[in-house]
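Have a look at the structure below, then the notes.
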Protein chains: 2
Amino acid sequence: MPRKPRKGDVAADEAVYGAIRRAMHMGRLSPGTKLQEPALARVLGVSRERVRKALHRLVHEGWLTAIPNRGTFVPSLTVEEMREIYDVRSMLEGAIVRRLSESHSAVAARRLKAHVAEEKAATRRADRGRLFELSGEFHVLLAELCGNDELTRLLRGLLIRSTMHFSIAAPQQFTNCAGPHDHGDIAEAILSGRADRAAKLMLGHLTGLVDLQAGRPARNQPVDLQVAFRGIDGQPAQSTGSRRP
Amino acid sequence: MPRKPRKGDVAADEAVYGAIRRAMHMGRLSPGTKLQEPALARVLGVSRERVRKALHRLVHEGWLTAIPNRGTFVPSLTVEEMREIYDVRSMLEGAIVRRLSESHSAVAARRLKAHVAEEKAATRRADRGRLFELSGEFHVLLAELCGNDELTRLLRGLLIRSTMHFSIAAPQQFTNCAGPHDHGDIAEAILSGRADRAAKLMLGHLTGLVDLQAGRPARNQPVDLQVAFRGIDGQPAQSTGSRRP
DNA sequence: ACGTCAAGAAATGTGCACATTCTGTTGGAG
DNA sequence: CTCCAACAGAATGTGCACATTTCTTGACGT
């Protein structure tokens with residue numbers, strides 16, 4: 001028996017939420033898959049109400065779509081929706097790199113350099129998993145360096161949805177961003193204070209990502225939940241910000 | 001034959017959700033107010049589980065803050081958080097007006113002109129309630145004219161949080177935006193294709209709104225839920241006489 | 001043979017009762 | 001008189017059982 005849900009365990013909610021999120025992130029769930037509550041509860045070893053709550057949360061966050069009295073399904077993202085997400089990202093991240101180019105602290109410069117160095121190291125090691133994470137965190141890092149929590153939270157949500165399309169459409173390909181060269185060039189432009197160049201590079205970077213995925217249609221194939229969640233267990237995911245009044 | 005209204009109506013969820021949201025929008029709920037589930041259920045005339053679901057949704061959307069085993073509370077927005085929200089809006093809306101200035105359809109131009117005209121009409125009629133709505137919708141309209149649903153949805157969320165601060169801090173003052181002149185000027189700049197001027201006007205407009213609210217601290221005063229939700233109901237309230245022990 | 005309808009089964013939605021936790025109060029000791 | 005601690009009351013969190021709806025399977029009629 002792996003583990004029994006104990007009293008007042010708030011981590012259990014996060015575990016279920018994270019398990020589903022991770023399964024989607026790993027491309028185990030094809031678009032159109034119906035996530036049945038009893039089956040999930042049996043596979044994950046928790047009560048149905050807990051699965052229910054996690055499903056509702058995921059639906060509200062946009063990861064899943066719910067049809068009343070029918071169930072919750074893995075959405076099939078269209079290319080158009082993906083283009084819109086990247087379009088919004090272009091607006092935000094264009095403004096972000098401009099602002100950072102115009103003014104940034106010494107700490108910000110150091111963190112940016114460190115991140116690029118880490119990406120290069122991961123590239124040399126051919127550690128695609130780590131590179132996948134770092135590539136996404138690069139964009140979040142830029143938002144963080146602006147010192148705006150709201151901005152960071154918003155961009156993280158957009159990034160998640162971007163990677164969701166990656167995961168659903170092309171789970172095998174682990175290249176989150178086109179290449180670390182882009183990130184290095186963008187960072188260099190920021191650090192040297194060339195705002196226009198940084199913004200232009202960022203826009204090109206994002207449009208490149210769109211083109212990379214554009215011709216990659218998602219295929220709908222039935223999925224067995226038993227195997228989809230094999231090896232995915234209760235590792236608690238990152239907790240979303242719950243602020244005190 | 002039209003299906004008769006069953007009790008398992010999904011509209012009930014929306015009613016509870018909308019009632020709380022409306023109460024906040026009308027400034028009935030002071031920051032720090034605890035929203036007790038049994039009290040809300042009794043006032044709104046629904047079951048506690050329904051209130052619970054609505055509260056969870058509102059917490060996740062950022063309207064309320066929840067503390068485990070303690071309850072859900074109306075957040076007290078700091079000036080800093082408000083600045084951050086308006087900062088993100090500046091990034092997005094600056095890009096929006098630039099894009100619209102560079103290219104927009106004839107239909108877009110017509111809708112924009114019609115909206116400005118309607119705002120002016122509301123100003124002449126001194127219809128502050130209608131003007132409050134129109135002022136917010138102006139910013140959403142600009143996002144819609146870009147033809148990006150994701151952008152519209154995101155900006156609408158930011159706008160809601162902006163007006164939430166307005167409602168909480170200064171419920172009496174019904175001036176959502178500084179004045180219709182700003183909107184008219186921005187629209188004119190967009191329609192004449194002057195991107196830099198439009199962006200500059202929008203940035204000034206938003207910073208003006210921040211300064212308007214900056215010196216307006218929110219006051220924490222206890223609130224009776226019974227009177228806070230008076231007249232706010234999803235379904236028409238039944239006679240106040242019948243009540244169970 | 002095909003379309004239609006009906007009955008059974010399974011899944012979703014909802015209310016209820018109970019366990020756990022927190023808060024406000026009261027009593028007693030220092 | 002003040003502070004600490006135990007207790008009572010209420011509120012939150014959770015599992016369970018039932019009602020409602022939908023999907024599936026099978027049979028019947030045209």
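Predicted, not measured: the structure shown is a model, and the values here were computed from it. Each chain gets a letter, A, B and so on, in the order its sequence line appears, and its residues count up from 1.
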In whole angstrom, what separates [X]'s [atom1] from [N]'s [atom2]?
X	N	atom1	atom2	answer
A/Ile67	C/dG13	CD1	C1'	16 Å
A/Asn69	C/dA10	CG	P	18 Å
A/Arg52	C/dT14	CZ	P	7 Å
B/Lys34	D/dA11	NZ	C1'	6 Å
B/Leu35	D/dA11	CG	C1'	13 Å
B/Gln36	D/dA10	CD	P	11 Å
B/Arg50	D/dT12	CZ	P	18 Å
A/Leu55	C/dA11	CG	P	14 Å

So, are A/Glu150 and B/Arg161 salt-bridged, with charged N and O less than 4.0 Å apart?
yes

Distance alone, cut at 3.5 Å: any donor-acceptor contact between the side chains of A/His205 and A/Glu93?
no

Less than 3.5 Å apart, any donor N or O on the side chain of A/His139 or A/Arg89 sitting next to an acceptor on the other?
yes

Give a yes/no answer on whether the side chain of B/Arg70 brings an N or O atom under 4.0 Å of OP1 or OP2 in D/dG13.
no

What pairs of nitrogen or oxygen atoms, one from the protein and one from nucleotides 16-19 of chain C, lie under 3.5 Å apart?
| unit_1 | atom_1 | unit_2 | atom_2 | d |
| --- | --- | --- | --- | --- |
| C/dC16 | N4 | B/Glu49 | OE2 | 2.8 |

Could you check which of D/dA11, C/dA11, C/dT14 has an atom nearest any side-chain atom of B/Lys53?
C/dT14

Of all the heavy-atom pairs spanning A/Ala122 and A/Arg130, show the shortest one and how long it is.
CB-CG, 4.3 Å

Show me the pairs that pass salt bridge (charged side-chain N to carboxylate O under 4.0 Å, His left out) and involve residues 66-78 of chain A, at least two apart or across chains.
none

Honestly, is B/Arg57 close enough over B/Tyr17, meaning NZ or CZ under 6.0 Å from the six-membered ring centre and within 45° of the axis?
yes

